[in-house]
Participant: 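Please read through the structure below; I'll follow up with questions.
What you are looking at is a predicted structure, and each value in this text was computed from that prediction instead of being measured. In what follows, every heavy atom counts, from backbone to side chain, and hydrogens, waters and symmetry copies are set aside.
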Protein chains: 4
Amino acid sequence: MGGQRGRPRSEQARVAVLEAAGDLLLEGGLAAAHVEAIAGRAGVSKATIYKWWPNRGAVVLDGFLERVRHSLAIPEGLRTVAALEFQIGELVALFRDPRIGSALRGIASEAQSDPELARAVRERWLAPRRAVTTAVLTAGVAAGDLRPDLDVELVMDQLYGPLYFRLMFGHGPLPDDLAHRLVNQLLHGIGHQD
Amino acid sequence: MGGQRGRPRSEQARVAVLEAAGDLLLEGGLAAAHVEAIAGRAGVSKATIYKWWPNRGAVVLDGFLERVRHSLAIPEGLRTVAALEFQIGELVALFRDPRIGSALRGIASEAQSDPELARAVRERWLAPRRAVTTAVLTAGVAAGDLRPDLDVELVMDQLYGPLYFRLMFGHGPLPDDLAHRLVNQLLHGIGHQD
Amino acid sequence: MGGQRGRPRSEQARVAVLEAAGDLLLEGGLAAAHVEAIAGRAGVSKATIYKWWPNRGAVVLDGFLERVRHSLAIPEGLRTVAALEFQIGELVALFRDPRIGSALRGIASEAQSDPELARAVRERWLAPRRAVTTAVLTAGVAAGDLRPDLDVELVMDQLYGPLYFRLMFGHGPLPDDLAHRLVNQLLHGIGHQD
Amino acid sequence: MGGQRGRPRSEQARVAVLEAAGDLLLEGGLAAAHVEAIAGRAGVSKATIYKWWPNRGAVVLDGFLERVRHSLAIPEGLRTVAALEFQIGELVALFRDPRIGSALRGIASEAQSDPELARAVRERWLAPRRAVTTAVLTAGVAAGDLRPDLDVELVMDQLYGPLYFRLMFGHGPLPDDLAHRLVNQLLHGIGHQD
DNA sequence: GTGTAATCGAGACGGTACGTCTCGTCTTCTG
DNA sequence: CAGAAGACGAGACGTACCGTCTCGATTACAC
């Protein structure tokens with residue numbers, strides 16, 4: 001059934017583009033990662049980039065994800081609270097790197113005017129992290145560590161939302177113990193305890 | 001004390017620019033609110049715009065803030081929980097308007113590459129809302145409704161962060177009862193209650 | 001030897017720009033030949049124009065020269081005096097066309113604030129004409145028609161200078177027989193003949 | 001009848017404008033003599049300038065003429081040839097000053113797109129000089145120094161044209177002895193003398 | 001091996017927004 | 001009420017980046 005014809009796609013070019021995009025994005029932010037610069041640094045032509053990616057946002061997202069590929073923390077053998085703190089802490093650590101923070105802000109920014117990119121960000125950046133946390137929360141409920149009637153999605157947004165909020169708007173810091181404080185406060189609630 | 005000299009700034013022009021910027025932003029998103037379009041619709045020259053605003057982002061933010069000037073909900077005569085739900089609910093209602101949501105996303109997007117605009121967004125959009133909530137929280141503590149040891153900033157980010165998170169990334173809806181659920185969940189905590 | 005790389009320059013675009021620039025310049029003078037108008041009429045983007053020409057002046061000069069490409073009169077088989085009159089006459093005829101006169105005035109005007117354009121005008125408009133006249137004068141001396149001690153450059157300026165002077169300042173007409181009168185008067189001198 | 005009413009025109013302002021215009025023009029060329037700069041340096045408002053002059057060209061011309069007011073050489077007690085050389089020499093000397101040359105080029109340039117300015121240049125700059133030379137030439141004919149059948153206008157253009165030609169196009173120098181060589185060559189003609 | 005077909009580097013192109021500049025007009029307050 | 005101050009509309013300038021296109025030069029696989 002139809003063996004492929006013609007010159008196959010150059011793996012080398014693909015990798016070079018992703019590295020160039022990631023480098024430029026991390027070094028100079030989104031503005032520095034314009035297509036011509038990516039192509040130039042990758043030793044690749046713009047046409048090649050646009051052949052395999054629909055637009056700049058897609059390239060930059062791929063380059064970014066390649067750079068942070070190993071950042072998806074899978075907590076193992078930890079109790080519920082520790083697991084939550086661990087995973088959130090990993091994200092805080094990531095966001096604290098100004099280069100990565102800036103890159104992610106840039107990508108989120110680009111996604112505002114590109115629904116397809118927005119979808120990709122959700123599916124390839126957010127979803128995996130949320131899946132892990134969903135598992136932790138479900139297990140936590142099963143283990144009796146968490147209330148059985150909690151709203152998983154909302155919990156995640158109350159744990160991660162503050163991070164992204166501060167990242168995007170810069171109105172507050174991302175201190176080292178932020179993960180602990182987030183989990184702790186949500187865990188015990190802020191209502192008066194009698 | 002130096003009376004003013006020269007022709008005073010045209011209030012009419014200022015208002016026309018803000019209205020044009022706001023209209024275009026709400027109608028067509030950030031992309032539609034380019035400077036020439038704003039100038040054209042306002043019956044004003046580009047030079048006048050650039051005389052009073054440093055760049056497009058600043059104009060658009062001003063236009064937007066003018067449009068939502070009355071959206072700052074001041075809860076009066078409400079108990080702590082109701083006050084929180086009220087104010088967050090107002091923001092949810094605002095964000096649910098796709099035109100306003102899109103506008104705010106656009107502005108946040110623009111702010112990623114313009115630190116001055118980012119600062120303005122913090123000071124003129126976020127800060128007033130946070131001030132109100134800060135007051136509510138402080139009063140709530142004093143009234144014994146809330147734990148005295150809560151982290152005010154963090155509480156606000158756990159209440160508002162999810163909204164902005166969902167607004168910016170679109171991974172979850174903004175249902176009508178979101179304010180209630182946010183407050184409720186944070187109030188009582190998600191830990192198992194014995 | 002060194003095959004060309006990349007997409008070759010579009011000859012069509014180049015020609016369209018020159019024609020548009022020439023047309024606009026001749027139809028409406030320098031003011032009408034602004035870059036956006038040239039780009040629009042040529043069906044070309046501004047970026048393409050600025051890729052190949054450093055500024056408006058350069059485009060307009062090229063467009064003009066293209067229009068008058070065939071105006072360089074080479075006198076053949078004429079005796080010295082007739083040859084001079086012929087070549088000068090050609091220029092007079094050109095200058096008498098108000099569209100061409102206006103165009104050339106515009107270009108000279110632009111060149112006052114653009115040394116590079118001034119150089120181009122000298123090299124591409126003046127020099128070729130002066131080369132022809134230099135040859136005529138040199139031959140005229142050799143043939144014994146002209147004084148052997150004449151200053152070639154000065155002769156040319158006394159023949160052509162009046163034309164450009166009247167063109168630029170408009171203080172005198174450019175009658176049909178101007179070439180003849182210029183040559184005649186310079187030939188015989190204005191001193192009293194004993 | 002009817003003594004004038006209101007505040008009379010400030011002579012001081014008029015002079016300050018002319019001096020500022022002249023200074024700027026001579027210091028930085030036409031580009032530096034923009035209206036705001038003139039007004040600023042003169043301590044005068046733009047409106048005042050536009051009240052008394054129709055446009056920038058007119059101001060600049062006036063400023064320039066004020067600066068060179070005393071440059072109109074009236075040869076007295078000289079024989080025809082010496083008188084011609086004297087007056088042309090004065091102009092050569094003027095043109096050799098790069099600041100004045102640049103200023104005059106700028107004005108001529110501006111005049112290409114402003115017929116009214118062109119007229120003013122003719123009447124107030126060229127005409128007086130031509131009047132003097134006309135007188136010299138007429139006297140020269142009467143004295144028997146010059147051919148009685150010469151074309152006065154053409155003679156002037158063959159004497160002055162080369163100066164303006166070289167000034168405007170920069171294709172040749174303006175050496176010290178240019179006046180002498182111009183007069184000499186035109187006087188004796190370039191035809192072979194038998 | 002030779003043909004065929006898709007890929008590649010290079011880079012020109014149309015489109016479109018940006019922010020800057022100067023001109024000449026106007027509006028207000030001050031002396 | 002003339003004039004300084006300076007805001008304003010108009011509109012051209014040159015720059016930047018996007019995504020598309022057109023070349024000629026490379027590869028691989030198929031025959």
Side-chain angles (χ1 to χ4, degrees), chain A residues 2-10 12-13 31 33-37 39-40 42-57, chain B residues 2-14 31 33-37 39-40 42-57, chain C residues 3-14 31 33-37 39-40 42-57, chain D residues 5-10 12-13 31 33-37 39-40 42-57:
Chain A
Q4 92 170 38
R5 317 240 312 174
R7 179 178 177 175
R9 175 176 183 183
S10 157
Q12 182 184 331
H34 50 96
V35 181
E36 213 133 51
V44 147
S45 79
K46 280 172 63 178
T48 298
I49 293 181
Y50 281 106
K51 177 160 189 61
W52 301 108
W53 288 272
N55 52 40
R56 179 177 76 145
Chain B
Q4 93 171 38
R5 321 237 304 181
R7 177 178 177 175
R9 176 175 182 182
S10 159
E11 188 63 15
Q12 182 183 332
R14 194 188 66 84
H34 51 94
V35 180
E36 211 142 290
V44 147
S45 78
K46 275 173 64 178
T48 297
I49 294 182
Y50 281 107
K51 174 163 189 64
W52 298 108
W53 291 273
N55 51 42
R56 180 179 73 145
Chain C
Q4 94 172 31
R5 322 235 305 180
R7 176 178 176 174
R9 177 175 180 183
S10 159
E11 188 62 15
Q12 183 183 330
R14 194 187 66 83
H34 51 95
V35 179
E36 211 141 288
V44 147
S45 78
K46 273 173 67 179
T48 296
I49 293 181
Y50 280 108
K51 175 161 189 65
W52 298 108
W53 289 272
N55 52 41
R56 179 179 74 146
Chain D
R5 317 228 320 165
R7 180 172 172 181
R9 172 176 180 181
S10 158
Q12 182 184 333
H34 49 96
V35 181
E36 215 133 52
V44 148
S45 79
K46 281 171 63 178
T48 299
I49 293 181
Y50 281 106
K51 179 166 183 62
W52 301 109
W53 288 272
N55 51 40
R56 178 177 75 145

Participant: Taking only distance into account, with no hydrogens and no angle test, what donor-acceptor pairs under 3.5 Å do side-chain atoms of residues 46-54 of chain A form with protein atoms, sequence neighbours excluded?
Facilitator:
| unit_1 | atom_1 | unit_2 | atom_2 | d |
| --- | --- | --- | --- | --- |
| A/Thr48 | OG1 | A/Ser45 | OG | 3.2 |
| A/Trp53 | NE1 | A/Asp62 | OD2 | 2.8 |

Participant: Counting side-chain heavy atoms from CB outward, which of F/dC8, E/dG9, E/dA12 is closest to C/Trp52?
Facilitator: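 The nucleotide sitting nearest to the side chain is E/dA12.
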Participant: List in chain and number order the residues that pass side chain to side chain contact (heavy atoms under 4.5 Å, CB included) with C/Ala31, two or more places apart in sequence or in another chain; answer none if no residue qualifies.
Facilitator: none
Participant: Suppose we screen for salt bridge (Lys or Arg N to Asp or Glu O under 4.0 Å). Which residues come up paired with B/Arg14, at least two apart in sequence or across chains?
Facilitator: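 With neighbours one apart ignored, the set is B/Glu11.
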Participant: Quick one: A/Ile49 CD1 to F/dC17 P, roughly how many Å, whole number?
Facilitator: 14 Å
Participant: What integer distance in Å separates C/Lys51:NZ from F/dC13:P?
Facilitator: 20 Å
Participant: If you compare every side-chain N and O of C/Ser10 against the phosphate oxygens of E/dA12 (OP1, OP2), does one of them come in below 4.0 Å?
Facilitator: no
Participant: Can you check each nucleotide of nucleotides 15-22 of chain E against protein heavy atoms at under 4.0 Å and return B for base, S for sugar-phosphate only, - for none, in 5' to 3' order?
Facilitator: B-SSBBBS
Participant: Test for a donor-acceptor pair under 3.5 Å between the base of F/dA5 and the side chain of B/Arg5, counting only N and O atoms.
Facilitator: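 Check fails, no donor-acceptor contact within cut-off.
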Participant: Do the side-chain N or O atoms of D/Thr48 get closer than 4.0 angstrom to the phosphate oxygens (OP1, OP2) of F/dA4?
Facilitator: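 Yes, D/Thr48 has a side-chain N/O under 4.0 Å of OP1/OP2 on F/dA4.
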Participant: Roughly, in whole Å, what's the span from CZ in C/Arg14 to C1' in F/dT22?
Facilitator: 18 Å
Participant: Rounded off to whole Å, could you give me the CZ-to-C1' distance for the B/Arg7 and F/dA7 pair?
Facilitator: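 Result: 5 Å.
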